[in-house]
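Take a look at the structure set out below.
Note: hydrogens, waters and symmetry copies are ignored here, and every other heavy atom, side chains too, is used. We name chains A, B, ... by the order of the sequence lines, and we start the count at 1 in each one. It should be emphasised that the depicted structure is a prediction, and the values quoted were computed from it without experimental measurement.
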Number of protein chains: 2
Amino acid sequence: MANCCASIESGKGRHEDGEPIGTNAAGEQKMDVAAIQHLLLERICLLKYKPGDQLKEAKLAREFGVSRTPVRDALNRISHLGLIESRNGVGTVVVGLSGEQIQHVYDVRLELACLLGKLSPITPTPDHLNALEDLLARAHIMRERFSADDYIAINHELNALIASMIGNTILRAMWLQLYVQAASTWHRVAETMGPDVVDALIDELNDLISAVKRGDAESIGHIQRVHISYGYIKVKTVFGI
Amino acid sequence: MANCCASIESGKGRHEDGEPIGTNAAGEQKMDVAAIQHLLLERICLLKYKPGDQLKEAKLAREFGVSRTPVRDALNRISHLGLIESRNGVGTVVVGLSGEQIQHVYDVRLELACLLGKLSPITPTPDHLNALEDLLARAHIMRERFSADDYIAINHELNALIASMIGNTILRAMWLQLYVQAASTWHRVAETMGPDVVDALIDELNDLISAVKRGDAESIGHIQRVHISYGYIKVKTVFGI
DNA sequence: GACAGGTTAGCTGTATGCAGCTTACCAGTG
DNA sequence: CACTGGTAAGCTGCATACAGCTAACCTGTC
């Protein structure tokens, strides 16, 4: 889970990869395209790759123990999200969405949240409840001692949990897509905000747990909407929109 | 526009492509990945490729005058739509969405339609009006003498026109994605329905023209919603949902 | 004639070499 | 010292050969 040896070079510091920096060269097992795709997206969401970072096909290929082809395939499959951009002769860079695009993403997320409970929601199971309470416990721990990485991880898992309650497969796919598009921005904002965001997260988790206990799937979307709106305001402040 | 020599083999008839059937071998100019991607999607929407058809990378590569690599890239970039499926050793086939998936697509489309006028719509220009009136004229001509291909083409262009009035780029992308996902199904239904659908299309175009003349961007989404609902009912009848 | 098993054709997945394009770097000149 | 021009390194885009897999076909047998 805690993969700390991302194959990446940040911004300016072009320090000529001298082969084995942190990557245990032959230690990685072969991954297929789907796994690579998932991993790359996760690294973008979790800020292991930040806007401006350069994703080099050859280096990723070495890390994953495959050739450039599967890596290229994975990059192509996530290209439609607008989070990476490949330019011939230059490289493939992670791009941050423009202020306008962020606004568009959030505007749509606010509207889609209301649909979560409307379009064939999945009734939460005890597993869902347990997962939520686990996240709440972790959030409480973090309240004592803030960690941006932990906050990001909890937020990430929470989103996956919410998505698993969306019965409409198309809506779920869009929900996940919008999350991915917003995640990098929001997490960078949350980093700068510090512990303040934890309280909001705890409030949200408490609301969600309460709704799940009542079996009130309808409310989950609206709780999400509140949380998204909260994040939107913070994002707007930082970006001066 | 009227490209009638699609590189494709339908269903069973595996008639051993003997090189030059209808494809002017070297006549095609080189296309880049984006163009190939656009063309493939259009062919799926316009029923040049129907569910069950096999898209062979090598054959497409020959048609477009490139190697398999750009074709594979294009296929990868549209794979997230769920309209094609590649299986090792078998081939890449066009897949029709399941009944449930169609339902999900239409349920979301109905909701998104209401947002068209809500999230930063673009005020229609005289160009939009002219385009709509052109489509209406073509629809009236088709009323005399029905042509499934013409109906499909008009519907296709209309959708692009509507999309061009969506200011929120994210919403526009989703709108286009949902159209592509629904297009193949709806157009196959429309084929079987025959001339009946033309009257509905004319009604819709008249409503849209009226709204555009009033400068009523808000209404466009709701007119779309009515039209989508009309199609949904027909689709449900055919698919017995 | 029906059926079982091997064989073969053909497809996608992968690896790899080459071409084209950018950019950083460095030497030469004012 | 500032600036310009050339050069080289490195990246993605593309082409191609090969490996692995699947399914259809054909032959031999009962």
Side-chain angles (χ1 to χ4, degrees), chain A residues 7-19 21 25-26 28-38 40 49 52-79 83-95, chain B residues 7-19 21 25-26 28-38 40 49 52-79 83-95:
Chain A
S7 167
I8 188 176
E9 297 193 73
S10 279
K12 310 291 174 112
R14 199 166 180 174
H15 61 79
E16 296 308 312
D17 71 315
E19 282 304 287
I21 302 181
E28 309 286 349
Q29 67 227 358
K30 272 208 180 188
M31 300 178 67
D32 63 359
V33 174
I36 295 173
Q37 175 183 355
H38 182 78
L40 292 179
Y49 298 155
D53 285 351
Q54 208 167 3
L55 306 183
K56 298 176 187 174
E57 297 176 356
K59 201 166 184 184
L60 290 168
R62 278 199 302 275
E63 180 191 348
F64 300 144
V66 296
S67 75
R68 276 180 55 209
T69 309
V71 175
R72 278 181 64 79
D73 286 352
L75 290 172
N76 272 318
R77 287 190 193 183
I78 63 177
S79 63
L83 295 172
I84 57 173
E85 198 168 311
S86 294
R87 277 188 306 165
N88 192 0
V90 181
T92 302
V93 296
V94 180
V95 298
Chain B
S7 167
I8 188 174
E9 298 195 70
S10 279
K12 309 293 175 109
R14 200 167 180 173
H15 60 76
E16 297 310 313
D17 72 317
E19 284 304 289
I21 302 182
E28 308 286 350
Q29 67 228 1
K30 272 207 178 189
M31 301 178 67
D32 64 358
V33 174
I36 294 173
Q37 175 182 355
H38 183 79
L40 291 178
Y49 299 155
D53 285 351
Q54 208 167 3
L55 306 183
K56 298 176 188 173
E57 296 176 356
K59 202 168 184 182
L60 290 168
R62 279 199 300 276
E63 179 192 348
F64 299 143
V66 295
S67 77
R68 275 180 57 209
T69 308
V71 175
R72 278 182 64 79
D73 286 351
L75 290 172
N76 272 319
R77 288 190 192 182
I78 62 178
S79 63
L83 296 171
I84 56 173
E85 197 167 312
S86 294
R87 277 187 305 164
N88 191 359
V90 182
T92 302
V93 296
V94 180
V95 298

Which listed nucleotide (D:dA23, C:dC11, C:dA15) is nearest to the side chain of A:Thr69?
C:dA15
Take the protein atom CZ of A:Arg77 and the nucleotide atom P of C:dT12, then report the distance between them rounded to whole Å.
13 Å
Taking for each residue the nucleotide of DNA chain C with the nearest heavy atom, is it A:Arg87 or B:Arg87 whose nucleotide lies nearer the 5' end?
B:Arg87
Any donor-acceptor N/O pair under 3.5 Å between C:dG20 base and A:Asn88 side chain:
yes
Considering only D:dT12, D:dT16, C:dA15, which nucleotide approaches the side chain of A:Ser86 most closely?
D:dT12
Tell me the interatomic distance from A:Asp32, atom CG, to C:dA15, atom P, rounded to whole angstroms.
12 Å
Looking only at the side chain of A:Arg72 (C-beta and beyond, no hydrogens), which of the listed nucleotides D:dG13, D:dT16, C:dC11 gets closest?
D:dG13
Between B:Arg68 and B:Ala61, the two heavy atoms sitting closest are N-CB, 3.8 Å
Which atom pair, heavy atoms only, marks the closest approach of B:Ser79 to B:Ile84?
CA-CG1, 4.3 Å
To the nearest Å, give me how far apart CZ (A:Arg62) and C1' (C:dA15) are.
15 Å
Figure out the NZ/P separation between A:Lys59 and D:dT12, and round it to whole Å.
12 Å
Which of D:dT12, D:dA15, C:dT14 is nearest the side chain of A:Arg68? It is D:dT12
Nearest heavy-atom contact between B:Ser67 and B:Pro70 is O-CD, 3.1 Å
Interatomic distance, B:Glu85 CD vs C:dG13 P [rounded to whole Å]:
11 Å
Measure CG/B:Leu55 against C1'/C:dC11 and give the value in whole Å, please.
13 Å
If you look at every heavy atom in B:Ala74 and B:Gln37, which pair is closest and at what distance?
CB-N, 3.8 Å
Picking from A:Val33, A:Leu55, A:Thr92, A:Val66, what satisfies side-chain contact (heavy atoms from CB on, under 4.5 Å) with A:Val71?
A:Val66
Quick one: A:Asp73 CG to D:dC14 C1', roughly how many Å, whole number?
14 Å
Reckon A:Thr92 has a side-chain N or O less than 4.0 Å from the OP1 or OP2 of D:dT12?
yes
Starting from P on D:dT16, measure out to CD on B:Glu57 and report it in whole angstrom.
15 Å
